Amino acid sequence: MWSRDFNLFFTARAVAKLGDTMLPVALAAGLIQHGYGAGAVGLAMAASVACFAGLVIFGGVFADRFSTRLLMIGSDLVRLVTQALTAGLFFAGHVVLWQICVIGAVNGAASAIFQPGVASTVPRLASDVQAANGAIRVAESTAHLAGPALAGVLVAFSSAGGVFVAHAATYAVSALCLLLMRLPEPTRAERVHTSGFRADLVEGWREFRGRTWLWGVIAVWCVYMITVAGPAIPLVATEVIQDHGPRAYGLVNSGLGAGTVIGGLVALRLRPRYMLRAGSIALFAFAAHPATVGANLPVWAMTLGGVVAGAGLSFWGVMWATSVQTQVQPDVLNRIHAYDVAGSLAMVPVGQALAGPASTATTGDSVLLFGGAMALLVPVTLLLVPAIRGLVRADLSRNGPVTSGGPVNLLKEERPAPHAECRGGSGRGGPGPRGGGAP
C-alpha cells in the first residue's frame with residue numbers, strides 16, 4: 001500500500017484536511033470580530049457547501065470522462081486563489097458578508113470538481129481498500145487534531161487573515177503532491193465514455209437508485225444534516241467562542257480530531273462482516289458532541305465529548321467509504337460517489353442557514369441539545385432498514401473469508417448482476433455500499 005504514489009496522495013489529503021479544519025475557526029472568529037453573529041457564520045459556511053452539493057453530480061461525470069488527477073490539481077489551484085483573496089479582505093479590514101459568500105461559492109464549485117475523483121483514486125493506488133481508507137482517515141484526523149488549535153493560535157496572535165494564508169498554502173502543497181503522483185493506466189472499463197454527458201448523468205442516477213442500501217442511507221442522512229451536523233457547525237463554533245474564546249474552540253475541535261484518529265485506527269484492524277451495521281452502531285457516539293456543548297458543560301467535558309463523537313463518526317466513515325469503493329463497478333464509481341456526496345450534503349446548507357433563526361427563536365443551546373437527541377435517532381433508523389443492516393462486506397459475500405493480506409480489490413473483478421438488490425435480495429449478491437461522501 002505504501003508506494004510512492006500512495007504516499008503522495010496520502011500527503012495531499014492530510015495537508016488539505018489540515019487547511020480545511022482551520023477554516024471554521026477563521027470564519028467564525030473573523031466574522032464575529034467584524035460584528036457579525038451566528039446567522040452570518042452559518043450563511044458563509046452554507047454558501048460553499050450549497051454550491052458544492054449542487055455541482056458535485058456534474059463533477060462526477062467529468063471525473064468518469066477525464067483525468068481525475070488533472071481535475072483535482074486544477075481544483076486545488078482555484079481554491080488557492082480563493083483563499084488568498086479572502087485573506088486579503090480580512091487583512092484589509094474590508095469584510096462584507098456577500099463577498100465572503102461569493103468567494104465561498106467559488107471554493108465550493110472547485111471542491112465539487114475535486115471530490116468525485118477521490119473515490120476511484122484510492123482503489124487504483126491500493127489493493128487493500130479498507131486499510132487505505134483507514135490510513136487516510138487517520139492522517140486527516142490527525143490534521144483535524146492540529147488544524148483548529150493552529151487556527152486558534154493564529155487568530156489570537158495574528159488575525160483571521162493569517163489563517164486564510166495558511167489555508168491557501170495547504171492547497172498549494174496538495175496540488176504539488178498530485179502533480180508528482182502517477183496513477184496506474186485505467187482499465188478498459190475505466191476509459192473515457194463515448195456516450196453523451198446527459199446519458200452519463202442518467203446512467204449514474206440509475207445505478208444510484210438501484211441500490212436500496214445506498215439511497216436509504218442518503219435519505220436518512222439528509223435528516224441528519226438538517227437537524228444535527230448542519231446546525232452544529234456554526235452553533236458550536238459561535239457558542240464556544242463567545243463563552244470561552246477561540247482557543248477553547250480550537251481545543252474542542254481538536255478533541256473531535258483526536259477521536260477521529262482513534263476511530264480510524266480501530267477501522268484499520270476491525271473488519272466486521274456487516275460493515276454498515278457496525279458503522280451505524282458506532283454512529284451513536286456522535287451525539288456527545290452537540291449535547292455536551294448545548295448542556296454548557298466545562299471545556300474539558302466538551303473536549304471529551306468531541307473525542308467520543310469523532311471516534312464514532314470516523315469508524316462509520318471508513319466502513320461507508322470502503323463498502324462503496326469495493327462493490328461499485330469502476331466505470332460508474334465517480335458518478336455514484338458524486339450522487340452520494342450530493343445527497344449526503346444537500347441538506348447541510350439548509351441546516352446551517354436555519355441555525356441562526358432557530359437559535360434566535362429559542363437558544364443556541366436548545367438547538368444543540370435537540371441535535372444531540374436526533375443524533376441518537378438517526379442510527380436507530382439506519383439499523384431498522386434490512387438492506388442496510390444486512391449488507392455483507394464484499395469480500396465475504398463474493399470471495400469467501402478475508403485473507404490474511406486483507407480484502408480483495410473487487411474493482412478488478414467482473415461487474416455483478418445489475419440491481420440485484422432491487423429484486424428483493426439482501427444485498428449479498430448485488431452491488432454493495434460505496435462511500436466516503438457521507439461526512
Side-chain angles (χ1 to χ4, degrees), residues 17 21 24 130 133-134 136-138 140-145 148 217 220-233 235-237 239-240 249 251-272 274-323 344 348 351 365 367-385 388-389 433 435-439:
K17 178 60 68 174
T21 57
Q130 181 177 335
N133 281 316
I136 291 172
R137 177 71 62 162
V138 170
E140 292 180 342
S141 301
T142 303
H144 201 158
L145 178 64
V217 168
V220 175
W221 210 261
C222 286
V223 178
Y224 188 84
M225 292 295 104
I226 295 176
T227 59
V228 184
I233 295 171
L235 287 180
V236 168
E239 294 292 317
V240 175
Y249 177 64
L251 183 61
V252 172
N253 235 15
S254 293
L256 193 65
T260 54
V261 171
I262 295 172
L265 290 173
V266 173
L268 275 170
R269 303 298 303 172
L270 186 62
R271 297 176 184 267
Y274 301 99
M275 299 183 74
L276 295 186
R277 181 187 300 182
S280 298
I281 294 172
L283 200 57
F284 280 104
F286 189 77
H289 183 49
T292 52
V293 177
N296 286 314
L297 297 183
V299 173
W300 68 265
M302 291 188 288
T303 304
L304 181 60
V307 172
V308 173
L313 190 63
S314 178
F315 186 82
W316 159 265
V318 174
M319 297 297 103
W320 176 244
T322 302
S323 297
S344 300
V348 169
D365 292 338
V367 177
L368 288 171
L369 288 174
F370 175 76
M374 290 301 298
L376 297 175
L377 180 61
V378 163
V380 170
T381 306
L382 292 174
L383 291 170
L384 289 175
V385 180
I388 296 173
R389 73 170 184 269

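All values reported here derive from a predicted model rather than from experimental measurement.
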TODO: Please report the C-alpha distance between Leu383 and Ile388 in whole Å, then the side-chain angles of each, then the deciding distance to 0.1 Å, and finally whether the side-chain contact (heavy atoms from CB on, under 4.5 Å) criterion is met.
DONE: CA-CA 7 Å; Leu383 291 170; Ile388 296 173; over 6 Å; no
Task: Evaluation steps, side-chain contact (heavy atoms from CB on, under 4.5 Å), between Leu256 and Val307 - done: CA-CA 5 Å; Leu256 193 65; Val307 172; over 6 Å; no
Task: Gap separating the CE atom of Met319 from the CE atom of Met275, nearest 0.5 angstrom - done: 4.0 Å
Open item on the list: Test your reading of the model: is there a side-chain donor-acceptor pair from Thr292 to the backbone of His289, 3.5 Å cut-off?
Closed with: yes
- [ ] Over all heavy atoms of both residues, which pair between Thr142 and Val261 is shortest? Give the atoms and the distance, please.
- [x] N-CG2, 3.4 Å
For residues 276-283, which side-chain N or O atoms pair as donor and acceptor with protein atoms under 3.5 Å away, sequence neighbours left out?
residue : atom : partner : partner atom : Å
Arg277  : NE   : Arg389  : O            : 2.9
Arg277  : NH2  : Arg389  : O            : 3.0
Ser280  : OG   : Leu276  : O            : 2.8

Open item on the list: Please give me the minimum heavy-atom distance between Gly372 and Ala287, naming the atom from each residue.
Closed with: O-CB, 3.4 Å
Open item on the list: If I compare all heavy atoms of Gly371 with all of Pro290, which pair ends up nearest, and what's the gap?
Closed with: C-CG, 4.2 Å
- [ ] State which residues pass side-chain contact (heavy atoms from CB on, under 4.5 Å) with Ala291; sequence neighbours excluded, sorted by chain then number.
- [x] none
- [ ] Take Leu382 and Trp316 through the side-chain contact (heavy atoms from CB on, under 4.5 Å) test and state the conclusion after the steps.
- [x] CA-CA 12 Å; Leu382 292 174; Trp316 159 265; 4.2 Å; yes
TODO: Looking only at non-hydrogen atoms, find the nearest pair between Thr227 and Met374 and report the distance.
DONE: OG1-CB, 3.6 Å
Task: Trace of the side-chain contact (heavy atoms from CB on, under 4.5 Å) decision for Val236 with Tyr249 - done: CA-CA 8 Å; Val236 168; Tyr249 177 64; 3.9 Å; yes
Open item on the list: When you compare the side chain of Glu140 with that of Thr260, does any pair of heavy atoms fall below 4.5 Å?
Closed with: no
Task: Flag side-chain contact, heavy atom, 4.5 Å: Trp320 against Trp221 - done: no
Task: Minimum heavy-atom distance Ala288-Gly305, with the two atoms named - done: CB-O, 3.6 Å
- [ ] Just jot down the side-chain contact (heavy atoms from CB on, under 4.5 Å) partners of Leu384, sequence neighbours excluded, or say none.
- [x] Val380
TODO: Working to the nearest 0.5 Å, report the span between OG1 of Thr322 and CZ of Arg137.
DONE: 9.5 Å
TODO: Examine distances only and state if a side-chain atom of Gln130 and a backbone atom of Ala267 form a donor-acceptor pair shorter than 3.5 Å.
DONE: yes
Open item on the list: Donor-acceptor check, side chain of Ser314 to backbone of Gly310, threshold 3.5 angstrom: yes or no?
Closed with: no
Task: Straight-line distance of Leu268 CG to Phe315 CZ, nearest 0.5 Å - done: 10.5 Å
Open item on the list: Give me the atom names and distance for the closest heavy-atom approach of Asp365 to Gly294.
Closed with: CB-O, 3.2 Å
Open item on the list: Applying the side chain to side chain contact (heavy atoms under 4.5 Å, CB included) criterion to Glu239, which one of Val252, Leu368, Val367 satisfies it?
Closed with: Leu368
